[in-house]
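Quick notes on the structure that follows.
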Amino acid sequence: MSFRPRTRSMFITSHNSQQNSTRSVSARSLCQRTQAGYTNRWQLAGASGSDMLGQAQVQRAEEFGDKLADRKILSADPMALHWHEGATSCPQFILPRLVHPLSASRCTRLCKDVTWSSKLDSPAEQFNILSRSVTQNAKPDAVLECLGVRWELHCSVLSGSEKLSEMYTNSKRQRDVQLQERAVIGKESRASKSTCGRGLAYRKWHLSGPLILRLPVTDASINKEALSFALRTLYDPEERPNEWGETVLSTAALLGISNLFQKCLKEMLTNISSSTVCSFHRVSCKFKETILQRACERWLELFLVIELSCHIKLRDLPFDLLLKTLLSPRLFTSNEYEVLRAVLYWLYLQLNPFRETLPAHSTVITFFSKETAVFLEQPQGQKCITIFQALRMHGITEWQHLQELQDIRVLPESWLLHILSNHYHTLYSGGDMAVTDFSKQAIRFGMMFDSEPVCCTQTISLYGFYFLLQAAKMGESDSYSFSIERLRHWDPALCQSSIVSHPYSVRSDRSVCYHITVQSYSSGEWQEHSSGAVTQEFGLCKRRCRSKPFQIEGLSPPILVTFSLAFPF
């Protein structure tokens with residue numbers, strides 16, 4: 001015989017008396033009860049989370065539903081109750097839950113009482129579930145009181161934490177001393193057995209229970225989630241956090257879990273990006289981890305201009321770190337104007353700290369153009385003078401960019417006059433530049449290989465001279481060749497707009513000092529290859545228009561190539 005779930009309403013209506021009908025409607029609206037399910041149980045219309053018996057009955061119904069999954073409980077009153085099919089996060093239970101419309105918001109909590117989910121459990125619950133499953137519900141040997149939570153620990157895992165192991169040893173030593181004192185007191189107080197017996201009984205229970213370990217936390221970066229994860233790693237080393245960062249590293253340092261500390265450092269080293277580089281560098285300085293600190297600074301040298309300047313996390317870059325990166329000779333950029341653009345974005349985000357998205361370029365230019373006073377001449381702009389002094393603004397030669405420099409009210413007029421006058425004298429003298437330090441004054445042009453290109457070229461114009469920067473892969477090997485070739489101003493490789501809008505020089509020979517720097521990722525770190533500073537006369541004939549190829553073996557993408565050029569006297 002098959003079972004049939006039945007649900008019947010427990011109110012009484014009268015066909016003969018209107019008064020009885022009115023009373024039944026009122027009772028129905030206030031305290032309606034329904035009989036439902038297979039165990040002859042009763043259910044209130046608005047179930048509450050404190051209804052422990054009701055929750056137990058719901059669990060029994062779900063367990064019974066595995067056998068009769070094709071059966072469903074029907075509502076006794078469709079106006080008061082309704083089906084809530086998505087109430088449970090456990091897909092193996094087919095039996096739906098009968099929920100009042102006003103109590104539907106409690107459904108997740110009720111389901112969580114029956115079966116747990118790591119996404120819904122608190123950090124303490126996640127730790128308790130794992131520790132009890134590993135130790136098979138063994139009694140705890142110690143209780144750690146930290147961050148307002150009691151964490152039950154076992155001796156078998158305390159050795160993984162230097163701090164907890166030390167605290168446990170000291171507490172156990174103190175307990176042994178107290179036990180010895182109790183034994184002495186017990187011998188001396190035999191005369192008053194009844195009174196002392198009760199006191200000693202309490203102290204015996206207190207001294208035989210789990211040890212209480214109290215650990216104060218002064219680091220604001222440590223939270224319950226990180227502490228729960230760190231303690232779970234003592235029971236299961238394969239546990240992984242939502243993200244590796246300062247909270248995990250600080251917690252591992254507090255508890256003295258060296259394995260977790262080193263694992264976190266390793267994960268951070270492999271996950272440096274635009275969203276993490278600033279926070280990782282701050283953490284490396286906090287714990288004096290020079291390897292992580294150098295890795296973050298190396299990443300900034302490569303990707304400050306091309307990646308971080310396009311991310312909102314640029315606002316978290318500290319002043320000193322930005323200045324150090326700008327002064328680095330290994331800084332990669334496609335041209336000098338892009339470095340200025342990155343600095344302007346950083347400055348805008350410092351002046352607008354509550355902005356949550358990166359602004360458009362026009363917004364930044366408008367913000368600085370509407371100012372009546374020059375920014376670097378104001379008190380708040382005085383400390384930023386060193387930042388703009390680190391820029392090679394003499395390498396900004398496009399007239400659109402020079403016009404932009406004049407529009408923004410950032411640089412003093414004396415700076416602008418110096419930049420424009422240098423351009424005029426360099427053009428008038430046939431390209432001769434007043435270069436005193438090539439490593440700090442050479443104009444940089446860069447290109448990047450993201451995939452496996454056969455050849456990559458870029459044409460540039462500098463004071464009336466045109467060059468083709470070329471990087472090519474040599475056959476099927478992992479060798480690359482880099483070179484510079486001078487072009488005539490009417491060469492087909494140049495776009496028509498460059499021929500029309502840029503000046504050109506009639507000099508047949510031009511002395512050029514150049515430096516080719518190639519940076520690529522290999523063997524887990526960034527490698528640097530340099531041609532050194534080379535001075536060469538570039539003519540227009542074929543045998544004199546090209547530089548000597550700079551060849552490197554063992555390269556693999558991504559490859560960042562920087563060509564630094566200067567025209568000496």
Side-chain angles (χ1 to χ4, degrees), residues 118-119 121-135 140-171 210-273 275-297 299 313 316 524:
S118 60
K119 293 183 179 180
D121 287 330
S122 66
E125 290 173 343
Q126 294 180 37
F127 167 76
N128 289 333
I129 291 172
L130 177 63
S131 62
R132 290 170 183 172
S133 63
V134 172
T135 60
D141 301 302
V143 175
L144 173 65
E145 295 183 353
C146 186
L147 296 178
V149 180
R150 294 171 60 88
W151 313 86
E152 297 181 352
L153 304 174
H154 300 81
C155 278
S156 57
V157 301
L158 290 180
S159 60
S161 170
E162 296 179 4
K163 183 67 175 179
L164 296 179
S165 178
E166 178 184 357
M167 293 175 63
Y168 180 80
T169 302
N170 295 337
S171 298
L211 292 172
I212 304 299
L213 310 178
R214 294 179 176 88
L215 180 62
V217 177
T218 58
D219 193 337
S221 64
I222 299 178
N223 52 33
K224 295 178 183 178
E225 288 76 12
L227 182 59
S228 173
F229 164 72
L231 294 177
R232 293 201 306 270
T233 59
L234 297 177
Y235 292 87
D236 184 6
E238 300 301 324
E239 281 283 305
R240 295 187 63 86
N242 294 330
E243 67 176 29
W244 299 95
E246 181 179 7
T247 57
V248 176
L249 199 68
S250 300
T251 307
L254 174 68
L255 299 178
I257 308 178
S258 57
N259 293 337
L260 179 59
F261 189 88
Q262 295 300 324
K263 184 177 181 179
C264 185
L265 278 179
K266 183 178 179 181
E267 292 288 341
M268 293 169 70
L269 283 170
T270 58
N271 288 280
I272 300 176
S273 63
S275 58
T276 61
V277 62
C278 296
S279 60
F280 284 3
H281 186 271
R282 183 182 68 253
V283 174
S284 66
C285 296
K286 174 181 176 181
F287 292 100
K288 298 181 180 180
E289 291 294 332
T290 56
I291 296 178
L292 179 60
Q293 179 179 347
R294 291 173 183 172
C296 292
E297 294 174 356
W299 188 95
K313 289 296 184 179
D316 298 332

Query raised in the report: Do the non-hydrogen side-chain atoms of Leu255 and Leu227 ever get within less than 4.5 Å of each other?
Result: yes
Query raised in the report: Is Asp141 close to Tyr168 at the side-chain level, that is, under 4.5 Å between some pair of heavy atoms?
Result: yes
Query raised in the report: Within a strict 4.5 Å, meaning less than it, do heavy atoms of the Trp244 and Thr276 side chains meet?
Result: no
Requested in this report: Answer yes or no: is there a donor N or O on one side and an acceptor on the other, between the side chain of Ser228 and the main chain of Lys224, under 3.5 Å?
Outcome: no
Query raised in the report: Do you know which two heavy atoms are closest between Cys146 and Leu215, and how far apart they sit?
Result: SG-O, 3.4 Å
**Report entry** Inter-residue atom distance Met268.CE - Glu243.CD, 0.5 Å rounding
**Finding:** 10.0 Å
Report task. Output the distance between atom CZ (Phe229) and atom CG (Leu234), rounded to the nearest 0.5 Å. Result -> 10.0 Å
Query - Nearest heavy-atom neighbours spanning Ala142 and Leu213 - result: CB-CD1, 3.9 Å
Query raised in the report: For Leu158, does its backbone N or O pair with a side-chain atom of Ser161 as donor and acceptor, under 3.5 Å?
Result: no
Query - Lys286 atom NZ: more than 12 heavy-atom contacts under 6.0 Å - result: yes
Query raised in the report: So Val283 and Glu289, side-chain contact (heavy atoms from CB on, under 4.5 Å) or not? Walk me through it.
Result: CA-CA 8 Å; Val283 174; Glu289 291 294 332; over 6 Å; no
Report task. Please check if atom NZ in Lys163 has more than 12 non-hydrogen atoms from other residues, nucleotides or ligands closer than 6.0 Å. Result -> no
Report task. Supply the atom-to-atom distance Ser122 OG to Glu225 CD, rounded to the nearest 0.5 angstrom. Result -> 9.0 Å
Query raised in the report: Are Gln126 and Leu130 close enough, and set up right, to give a side-chain contact (heavy atoms from CB on, under 4.5 Å), and what steps lead you there?
Result: CA-CA 6 Å; Gln126 294 180 37; Leu130 177 63; over 6 Å; no
Requested in this report: Go through the structure and list residues passing salt bridge (Lys or Arg N to Asp or Glu O under 4.0 Å) with Arg282, not counting sequence neighbours.
Outcome: Glu246
Report summary line: Between Leu153 and Tyr235 the two heavy atoms that sit nearest each other are CA-OH, 3.4 Å
Query - Set of side-chain contact (heavy atoms from CB on, under 4.5 Å) partners for Ile222, sequence neighbours left out - result: Leu147, Val217, Asp219, Ser250, Thr251, Leu254
Report task. Taking the side chain as every heavy atom from C-beta outward, state whether Phe287 and Phe261 have any pair of such atoms under 4.5 Å apart. Result -> yes
Query raised in the report: Do side-chain atoms of Ser284 reach the backbone of Cys296 as a donor and acceptor pair under 3.5 angstrom?
Result: no
Query raised in the report: To the nearest 0.5 Å, how far apart are CZ in Arg294 and CG in Leu269?
Result: 12.5 Å
**Report entry** Derivation and outcome, side-chain contact (heavy atoms from CB on, under 4.5 Å), residues Asn259 and Gln262
**Finding:** CA-CA 5 Å; Asn259 293 337; Gln262 295 300 324; over 6 Å; no
Report summary line: In terms of heavy-atom contacts, Ser131 and Asn128 come closest through OG-O, 3.2 Å
Query raised in the report: Counting heavy atoms not belonging to Glu145, are there more than 12 under 6.0 Å from its CD?
Result: yes
**Report entry** Rounded distance [0.5 Å steps], CG in Leu144 versus CG in Leu164
**Finding:** 6.0 Å
Query raised in the report: Which of these passes side chain to side chain contact (heavy atoms under 4.5 Å, CB included) with Leu211: Ser171, Pro140, Cys155?
Result: Ser171
Report task. Could you give me the CA-CA distance, side-chain angles and deciding distance for Val157 and Leu231, then say whether side-chain contact (heavy atoms from CB on, under 4.5 Å) is met? Result -> CA-CA 9 Å; Val157 301; Leu231 294 177; over 6 Å; no
Requested in this report: Work out which heavy atom in Ser221 is nearest to a heavy atom in Thr247; give both atom names and the distance.
Outcome: O-CG2, 3.0 Å
Query raised in the report: Under 3.5 Å, is there a donor-acceptor pair between the side chain of Glu239 and the main chain of Asp236?
Result: no
Requested in this report: Output the distance between atom CD (Glu267) and atom CG (Leu249), rounded to the nearest 0.5 Å.
Outcome: 12.0 Å
Query raised in the report: Got a sec, which residues hit salt bridge (Lys or Arg N to Asp or Glu O under 4.0 Å) with Glu152, two or more places apart in sequence or on another chain?
Result: none
Query raised in the report: Which pair of heavy atoms, one from Met167 and one from Arg214, lies closest together, and at what distance?
Result: CE-O, 3.2 Å
